[in-house]
**Q** 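Take this structure first; my questions come after.
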Amino acid sequence: MKCVQSTILESLRKVKYYCTQRSRGSVKGNDGKSDSGGNYVRASQYYAPTLRQAPAEAEIPSHKLLVRGGFIRPLTAGVFTFLPLGLRVLRRVENIVREEMNAAGAIEVFMPVLQPRELWERSGRWDTFQPLPLRTEDRTGRWFCLGPTHEEVITDLVAGEITSYRQLPRTLYQIQTKFRDEMRPRGGLMRVKEFSMKDAYSFDIDQAGLDRSYEAMYEAYVRIFERLGLPVVIVEAEAGSMGGHDTREFMVLSENGEDTIFMCDSCDYAANAECAAARPPQPTQSRDKHGEPVLVDTPGATTIQAVCEQLDTEPQQLVKTLLLRADERFVAALVRGDRELNEVKLQRVVGTPNLRMATAEEILALTGAPVGYSGPVGLPEAVEIIADHEIAAMNDFVVGANQNDAHLVGVDAEVDFRVDRYTDLRRAVAGDECPQCSEGYLTAHRSIEMAHIFKLGTKYSEDLDAVFTDKDGQEKPMIMGCYGVGVSRAVAAIVEQHHDDDGIIWPLNVAPFDVVILLLDTESTQLFATAQDLATELEQSGFEVMLDDRDERPGVKFKDADLIGYPLSIVIGRRTADSGEVEVRRRRDRAEKIVALKEAGAAVEQLASGA
RNA sequence: CGGGGCGUAGCGCAGUUUGGUUAGCGCGUCGGCUUUGGGAGCCGAAGGUCGCCGGUUCGAAUCCGGCCGCCCCGACCA
C-alpha cells in the first residue's frame, strides 16, 4: 500500500518538478475569479490592499513589504492574518513541502491543536517545555495546551496502533498551526506566537532504520529549500527542549536572522554558535614549576576586568572558575579569563540536564569566600574540576584564592591543583581555528533558522508506551526522529532573500500569481477585451494570472506590481495597442520585450524560464 | 521578565518641554471637473471620546498616578 502510494507520488512529483516550472500545485480558489469564463483574478474585484507607507513598527524588509504589499495584517503582538495574496504564497510553500514529504515516503495526518494536560505530564513536559505552552481550561476545569509541537500526540496515536515490526518503519507528518508563548515576538512573521509548521515524526525498529528515515528527511529538506529559492547552510545544532541527538538546523544567511552560526572559511564545517566546537590549542611546551603560588590582595576585584587592572595583567592570563550545581553535586568549570563558558557543552560532559550556576550561599559554603574569588586551588575533593582544553596550554596564571579580596598568581594546572578532566567547554568565537580542518578559521554569520531535524531515540516511545514486538518476539520501544520546517517563517525568509527597493521579487515557485496583466487604459472596451482574452489564454496554458483592471492611473499599477512582486507582467496600453503589440516584463532583472499580441504567451513562457 | 522608546483621523506624522478659543499637516476616503505609460492637478466634503481610568486646575492632548497596548535591545526556538 505504502509502496504503491509512494511510487505514484514519486512519479507525479518528477513530472511536476522536472518538466515544467509553473506546474506547482494550483492554488485556485473562488477568490475574485473573473466572471467571464477564465479562472484569472481581476484586481478590481479582489482584496489586496497595498500601503504607500510602511507601518511604523516594521523594521525589517520582509515585515515592511509583506504588510505594505497586502499579504499580511497584524492583529496583536506576534499574531497575523494572512490576506488573500499572503495565503496564496503560504499555500504554495505548503504544497512544495507536501510534495517533497510525500515523495520521501512520509504520510500526511492532521492532529489536534488542543492537547490534554495528562498527555504532557506523561512525557514530563507540561511544566518544562520552553517556551511554556499556551494553556487553557474547559468548563469542567480540565487543562489543555495549544500544541506547540506534537511528539506527545503522535506517539500516543502510534502507540495504539502499531504493535509489530511488520508495521514499521513509518513517517507521519502534518502541516498545522502551532502556538508558542514567545516572550518576545519580532520581525513580522519571523518570530510569532502562532505560526504554520510542517512537523514530521519517524518510527523505526532500530538505529539503522532511524538513520535511513533521518537521511530521507534530510534530503527532502534540501530539495524543499532549493525549490523555495532559499539557499541553506546546514549546521550542527543543539536539541533544546525537544531532546535527542544528531540534530541539524537548516539556516538561511540573513542580517535579519536571530541566530549566529559559524562557518569555516576553508572547509565545509558549519555549526550553530551555541554548540560550535573549539579546537584544542597546542599543548604547552613545558610544565616547569614557576615556584609556589603567591597570595595577593585584590580588594573588591570580583570581575576579570578589575583583577586585570589591579594586577596589571591580561584576561588571557587569568583562569575563571565557575561553580555549578549538577543534580546533587557540584562541579567547577575552568575557562580562560577572556572566554565564556558554554553551558550546553558542560551539560553534555556532566551528563545531566539539571545544571545551574551555584548560588552565592553555595559558593560561600564550598570555598569559604564570596562570589568573585573562587579558584581551583584547595577545592573540596567532592567538587569535580573540569577544565577547558586551553587551560592545559597555560602557565603561570592567576586564579581566585577562595579568600575574600584575594587572588593567587603564578599558578599552574596539575601542579597547584588537580584537574579531573580536560574538555571543550568554552563558547567558540569568530576567528577561532576551525575544529575540523587544519587551515581554516571560523567566521560568524547571522542567519534564520528554517528547519530543524532530530534523532529523538526512545524518550517519547518509552514515556508514552509506543512499543512493538520485534522479529525475536521481544517488546521494544520504537526509535523516533522528528523533523520540522517553519512554513510561515519561510515566507518571511523568502522575502528577506528576494526583494529590492521597489518591493518583493517572488521566485516563480512561490509567487501569489505568475503574471499580472497591467491594463493601463480601462476605458477602452476593446483593450479590456484584449486583456481578458490574453488572461484566459495564459490561464489555459497553466499560469496563474492577475488582471489589474482597476480604475487607477498607470503609475499606481506599476508601483503596486513592483511592490507585490509578480515575477512577470504584461503591459497593455494605448502606446502598444496602436501597433498591436504588448510589453512583457520580468520583475527580477527588469528584462522586457515588446512582442505582437499573439506572441505574448510564448514571450511569457520564455521570460518565465529565467524568473 | 529586565532595559529603552512609543500611543493624536484608515496609514505616516506635528503639537506635549512652557496647560489657554473651533487639535493641525501629508497620504488615503467621498463628490465634481480636468488628466491618463512610473504613486496626477484644482475645487469641495466627511472623518478624532488625543490608548483607558483616576487626580491636580477656572481650564488638560499637554502636569501627576495607575492600568492597557505596540515596537526595539537582552535570556529561548520553526
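The analysis underlying the following values was restricted to heavy atoms, covering all of them including side chains, and did not include hydrogens, waters or symmetry mates. Being a predicted model, the structure only gives us computed values, none of them experimental.
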**Q** Scan M183(A) against the nucleic acid and name what it touches under 4.0 Å (heavy atoms): base, sugar-phosphate only, or nothing.
**A** base
**Q** Pairs under 3.5 angstrom, nitrogen or oxygen only, protein versus nucleotides 26-31 of chain B, please.
**A**
unit_1	atom_1	unit_2	atom_2	d
rG26(B)	N2	Q53(A)	OE1	3.2
rC27(B)	O2'	R52(A)	NE	3.4
rG28(B)	OP1	R52(A)	NH2	3.4

**Q** Rounded off to whole Å, could you give me the CD-to-C1' distance for the E182(A) and rC77(B) pair?
**A** 6 Å
**Q** Scan every strand shown for a Watson-Crick or G-U wobble partner of rG38(B), both distances under 3.5 Å, and answer none if you come up empty.
**A** none
**Q** Using a cut-off of 4.0 Å on non-hydrogen atoms, how would the nucleic acid contact of P49(A) be classed: base, sugar-phosphate, or nothing?
**A** nothing
**Q** With sugar-phosphate meaning primed atoms plus P, OP1 and OP2, does V571(A) contact a base, only sugar-phosphate, or nothing at under 4.0 Å between heavy atoms?
**A** base
**Q** Taking the inter-plane angle between the rings of F513(A) and Y566(A) on a 0 to 90° scale, is it parallel (under 30°), tilted (30 to 60°) or perpendicular (over 60°)?
**A** tilted
**Q** If the plane angle is over 60° it's perpendicular, under 30° parallel, otherwise tilted; pick one for Y214(A) and Y218(A).
**A** tilted
**Q** Expressed in angstrom and rounded to an integer, what is the separation of I453(A) atom CD1 from rC77(B) atom C1'?
**A** 16 Å
**Q** Assign V67(A) to base, sugar-phosphate, or nothing according to its heavy-atom contacts below 4.0 angstrom with the strands shown.
**A** nothing
**Q** Suppose you measure atom C1' in rG12(B) against the same atom in rC58(B); what distance do you get, rounded to whole Å?
**A** 37 Å
**Q** Under a 4.0 Å N-O cut-off, is there an ion pair linking D560(A) with R550(A)?
**A** yes
**Q** Write down the partner of rA61(B) under the Watson-Crick or G-U wobble criteria, each distance required to be under 3.5 Å.
**A** none
**Q** So what does G187(A) touch, heavy atoms closer than 4.0 Å: a base, only the sugar-phosphate, or nothing?
**A** sugar-phosphate
**Q** Do you know which of R587(A), R586(A), R92(A) makes salt bridge (Lys or Arg N to Asp or Glu O under 4.0 Å) with D514(A)?
**A** R92(A)
**Q** What is the separation between atom CG on D501(A) and atom P on rG39(B), rounded to the nearest whole Å?
**A** 16 Å
**Q** Is there any protein nitrogen or oxygen under 3.5 Å from a nitrogen or oxygen in nucleotides 33-35 of chain B, and what are the pairs?
**A**
unit_1	atom_1	unit_2	atom_2	d
rU35(B)	O2	R553(A)	NH1	2.5

**Q** Write down the distance separating the C1' atoms in rC6(B) and rA61(B), rounded off to the nearest Å.
**A** 15 Å
**Q** With both distances under 3.5 angstrom, what nucleotide forms a Watson-Crick or G-U wobble pair with rC30(B)?
**A** rG44(B)
**Q** Pick the closest RNA chain B nucleotide for G486(A) and for R575(A) by heavy atoms, then say which residue is nearer the 5' end.
**A** R575(A)
**Q** Hey, does R186(A) reach any base, or is it just sugar-phosphate, or nothing, if we go heavy atoms under 4.0 Å?
**A** sugar-phosphate
**Q** With sequence neighbours excluded, what pairs up with K64(A) under the side chain to side chain contact (heavy atoms under 4.5 Å, CB included) test?
**A** A54(A), A58(A)
**Q** Does the side-chain ring of F558(A) lie flat on the base of rG37(B), meaning centres under 5.5 Å and planes less than 30 degrees apart?
**A** no
**Q** Using the side-chain heavy atoms of E449(A), tell me which of these nucleotides is nearest: rA78(B), rC71(B), rG74(B).
**A** rA78(B)
**Q** Going by heavy atoms in the side chains, are R98(A) and N95(A) under 4.5 Å from each other?
**A** yes
**Q** What does P74(A) touch in the nucleic acid at a heavy-atom separation under 4.0 angstrom: a base, only the sugar-phosphate, or nothing?
**A** nothing
**Q** On RNA chain B, nearest-nucleotide positions of D502(A) versus S196(A): which is more 5'?
**A** D502(A)
**Q** Students often get this wrong, so: under 4.0 angstrom with heavy atoms, is D521(A) touching a base, only sugar-phosphate, or nothing?
**A** nothing
**Q** From the list rC70(B), rG37(B), rA78(B), which nucleotide is the closest neighbour of the side chain of E583(A)?
**A** rG37(B)
**Q** In whole Å, measure the gap between the C1' atoms of rG65(B) and rC1(B) for me.
**A** 24 Å
